[in-house]
Structures are given as structure tokens and as C-alpha cells.
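Down below is the structure, laid out as C-alpha cells.
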Amino acid sequence: MRILIVEDEPTLQLQLAQSAREAGYAVDVASNGLDAHFQGDTESYDAVVLDLGLPQMDGITVLRKWRAAGCTMPVLILTARDGWHEKVSGIDAGADDYLTKPFHMEELLARLRGLIRRAGGHASSELVCGPLTMDMRNSRAIVDGQALTLTSHEYRLLAYLMHHRDEVVSRSELVEHIYAQDYDRDSNTVEVFIARLRKKLPPGLIATVRGLGYRLSTSV
Ligand code: CA
């Protein structure tokens, strides 16, 4: 899962990015509205955290432009205290949720999980596929009662497949959703991660669909 964090206040941006990375997301950041708009328009994100007070282009305008261009990723806006009018315009502009500053990081992460879960049509934070259970609240994957030891890339890849289980997911889609923008993608290819995951998972859980990609399912 890959997210974009748009926040112009450096300390808060750093805290947000760090917490999100610790929670298992690939994280890109933007510090102004123009960069944010470009990144959201051209990259694939599973969710966006968008501060509304931004230099160069305000958050509401960024959001309106994304929605007008057909970008449907879930967006959580950060609003100023007492900014009820901001919440109203934000939601009208296409925001899916909001948080008022200051907020607790735990709450932000919970709201992000909720947005990503609902975008995938899942009702619970615990996703199950045959013997595999993933709990998004604590970033754990369990097979038959045993917790798996996964690297951050393996976890992200498996989480993405899990949110899209029973669907064929292409290699390029996986690349888009497991790496941050500045990551050197050549050294660790999707094929390598898939091979490593397969060694840790029950046989047949990740199927290769020739020429199309991969599918996580129990119906093999
Ligand atoms: Ca701001």
C-alpha cells in the first residue's frame, strides 16, 4: 500500500511520514499544492493525507482538480481547529474523511486503514484468505496461528494482494503500489518478492496468471 502525505509544516510532515512508514506503507511526500497535485495526478496511491493550508495551491483546489480529472483515491484532509467551514468545503470537494489539528497519530493511522479498507470493499480490518489472516491494525500476517516474519516490501506486497484477493493484479500495478517514488526499483523486483513470499506461504496461495500477473486466492 502506497500513500501520499501532503503537509507543508516540516516537523509534522516528518512525523506523519515516519509513522506511516512504521505502519507498513510506502510513503511519498509533498510540501506544496502544485507538487501535490502533480504527484496525485500521475502516481498511484491507495490513500492521500492532504493538509488544506498549503503554499502555491490550496488543498481544496488540489482536491477539486484531482476529482475533476477522475482521480478516485481516498483522501483524508487535515483541517485547522475551529475550521468547520473547511470541513464542509473539503467534503464537498471530494474528501472522504477529515481530522482536525492537532490530532493523535494513532487516530490518523486508524482512519487511513478505514479508508483503504472501504475503498477495497472490505468490512473488517482482518482480512482472511484460506489459511492466511492479515490484521491491518498491527501489520501482522498469520498462517495457521503462526505469525510470519516479513520484510516491509514483502508485507506491503502481500497486503496489496490481500486487499485485492481473487483479482488478477498485474506486475506494474504491484510496482506502483509497493514502492515509494524515490526507491531504487531495479534491485528488488516484484518477481523476487513474490518468490520469497511463496516460500513463506502455503503452496498455491499466490498463483501466476500467465501474461497478466498474480492472483491471491484459495480457489486453486
Ligand atoms: Ca499547512
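Just so you know, ligand 1 is whichever comes first in the structure, and atom 1 is the first atom listed for that ligand. We number each residue from 1, following the sequence as shown.
Nearest heavy atom pair, residue Ser89 against residue Ile60, reads C-CD1, 3.6 Å.
Atoms CZ and CG, on Arg165 and Leu158 in that order, are 11.5 Å from each other to the nearest 0.5 Å.
Residues Asp51 and Lys101 are paired through a salt bridge, judged by an N-O separation under 4.0 Å between the basic side chain and the carboxylate.
Looking at Asp51, its N, O or S atom nearest to the Ca ion (ligand 1) turns out to be OD2. Taking the Ca ion (ligand 1) as reference, the nearest N/O/S atom within Asp8 carries the name OD1.
Taking the six-membered ring where the residue is Trp, His153 and Phe193 present parallel rings, their angle staying beneath 30° rather than reaching 60°.
The distance from the Ca ion (ligand 1) to the nearest N/O/S atom of Leu78 is not under 3.0 Å.
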